Number of protein chains: 2
Amino acid sequence: MTSRQFSNKQDMERQLPPTAWAVLGLLSFPGERTGYELKKWADASLRFFYWSPAISQIYAELRRLEALGYATSRRSGPEEPRTKRRYAISEAGRAALTAWADSPEAAGPAVLKHPLVLRIWLGHLAAPARLRALVEEHLARTEAELGQVRAALARAEDNAEWAHPRIALRWSELRELAELELARAMLADLDRLTPPQGGDPADHDGWPGPG
Amino acid sequence: MTSRQFSNKQDMERQLPPTAWAVLGLLSFPGERTGYELKKWADASLRFFYWSPAISQIYAELRRLEALGYATSRRSGPEEPRTKRRYAISEAGRAALTAWADSPEAAGPAVLKHPLVLRIWLGHLAAPARLRALVEEHLARTEAELGQVRAALARAEDNAEWAHPRIALRWSELRELAELELARAMLADLDRLTPPQGGDPADHDGWPGPG
DNA sequence: GTGTACATGTAATCCGTTACATGATTCC
DNA sequence: GGAATCATGTAACGGATTACATGTACAC
């Protein structure tokens, strides 16, 4: 059982990856949850400021957390394989999570991997119209994400228990807004470099060529 | 040689990870470079909008690129182990990179992992003064990064060859500025939640307690 | 002659994903 | 009874890091 990837308890305790704390954090809010529910919640909210692990990893983290005594699980009904398993944080888990959350160590630097900007950075190899189209797609996606953040914010109940998650979501909302601004400014920079030919900016590839 | 992690050429060509394109992209600008130089360059500029791979990974990517025929290398002087090796992009490499950069596929969604916001999200477990201190540290780090972006921008020569990297850096500059705004807004949200006690906001931990 | 930056590389290990397998529950 | 969604899990693999090993060049 417990898959051989975690050799022993001492090794695990040394320092858990942020993902483990994030999953334990999900569990720290009231209620018992299944891995599946945790994944949906991460998709709907955690991912806007941190990241949403693959479902298989959530299950792996839950097993690790349980092996460490930081979480407990129980099956609803018969103890059979592949039946629903609900997890809850344990006292030890809450203590460990609190120690982590309240530790004086600075939060690490944010990691940003922005494939769009990577493509723009190599823009000398692409057609200007292509670059503009990529930015437009990014604008559309960002607007959709903004809608999702606002939906999450609307769902977050207005009581003290959820005050901090609301601040994180509010930060995410402002971030999506800033992302839109950034993309628009980049579009303007691109236009300044190679002014778009007359006509609908999306319906042609006309362009002098790279050589 | 070429370490067993890359089994054969077909496997590799299927689709290179973005990191490989980023390294090849570094090579696409004029000049021959060593892995070490690439790492410094990535630290000084790529990392602000994408990410800076570990030096050992840069060497691994360079070996893969060479195995694919996308890059060539030569040793300056004697062909001995651990002497300087300079890489250059090949014609095939430039063609492959161009095909990637100019492809109609949308750039993937940006990945953001923001440990600070993760800690704030779990703020119900920490002392308010702790959270404020975390945000202050983030502000200081962000200001330092802004300076580094501006330094990179100042170094980027003002000629057509570097126009797109300049746009990427300009985007990064605006992003750092937005990051400062976001952090300040979060600080205001935190203050609204638990108004800071009188006195210098940095010199006490006084706080009613979690229970 | 010592420390620092330059420079390359290997080994071990972990993080995380995709693909796959399996089965329960719900709704039409 | 069939489809969609809920739900859990394994296997294989690749991406990426850290720690370590090794050596050169140069400034003080």
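So that the names make sense, note that chain A is the first sequence line, chain B the second, and so on, each numbered from 1. All values derive from a computational prediction rather than experimental measurement.
Spacing between atom OH of Tyr36(B) and atom C1' of dG9(C) amounts to 14 Å, rounded to whole angstrom units. Rounded to whole Å, the distance from OH on Tyr59(B) to P on dA7(C) is 8 Å. Rounded to an integer number of Å, the gap from Arg64(B) CZ to dT8(C) P is 19 Å. Atom-to-atom, CZ of Arg63(B) to P of dT10(C) comes out at 5 Å; the value is rounded to the nearest Å. Following rounding to the nearest Å, Glu61(A) (CD) and dC14(C) (P) show an atom-to-atom distance of 13 Å. Look at CD on Glu32(B): it is 16 Å from C1' on dA7(C), rounded to the nearest Å. Going from atom OH of Tyr50(A) over to atom P of dG16(C) covers 7 Å, rounded to whole Å. Here the P atom of nucleotide dG16(C) and the CG atom of Leu46(A) are 13 Å apart, to the nearest Å.
Side-chain atoms of Thr19(A) lie closest to dG16(C) of the nucleotides dG16(C), dT8(D), dA7(D). Listed nucleotides: dG16(C), dA7(D), dG9(C). Nearest to the side chain of Tyr87(B): dG9(C). Checked against dT17(D), dG15(D), dT8(C), the side chain of Pro53(B) finds its nearest nucleotide in dT17(D). You'll find that the side chain of Lys113(A) is closest to dA16(D), out of dT8(D), dA16(D), dT8(C). If you check dT18(C), dA19(D), dA16(D) against the side chain of Ala54(A), the one that comes closest is dT18(C). Nearest to the side-chain atoms of Arg75(B) among the listed nucleotides dA7(C), dT8(C), dG16(C) stands dT8(C). Taking the side chain of Trp51(A) as heavy atoms from C-beta on, and the options dA16(D), dG16(C), dA7(D), the nearest nucleotide is dG16(C). Here the nucleotide nearest the side chain of Ser56(B), chosen from dT8(D), dT8(C), dT17(D), is dT17(D).
Residue contacts for Lys40(B): at a heavy-atom cut-off of 4.0 Å it reaches the sugar-phosphate backbone alone, with no base atom in range.
Using a 4.0 Å cut-off, some side-chain N or O of Gln57(B) falls inside it from OP1 or OP2 of dT17(D).
Residues Glu32(A) and Arg74(A) are paired through a salt bridge, judged by an N-O separation under 4.0 Å between the basic side chain and the carboxylate. Salt-bridge formation is not detected for the pair Glu157(B)/Arg166(B): no Lys NZ or Arg NE/NH1/NH2 atom is positioned less than 4.0 Å from an Asp or Glu carboxylate oxygen.
Looking at every heavy atom in both residues, Leu46(B) comes nearest to Ala22(B) through CD1-CB, 4.1 Å.
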(request) Output, in order, the C-alpha distance, side-chain angles, deciding distance and verdict of side chain to side chain donor-acceptor pair (under 3.5 Å) for Glu179(B) and Thr142(B). (result) CA-CA 7 Å; Glu179(B) 189 78 16; Thr142(B) 305; 5.1 Å; no
(request) Tell me, with the steps shown, if Leu65(A) and Tyr87(A) meet side chain to side chain contact (heavy atoms under 4.5 Å, CB included). (result) CA-CA 10 Å; Leu65(A) 259 14; Tyr87(A) 285 86; over 6 Å; no
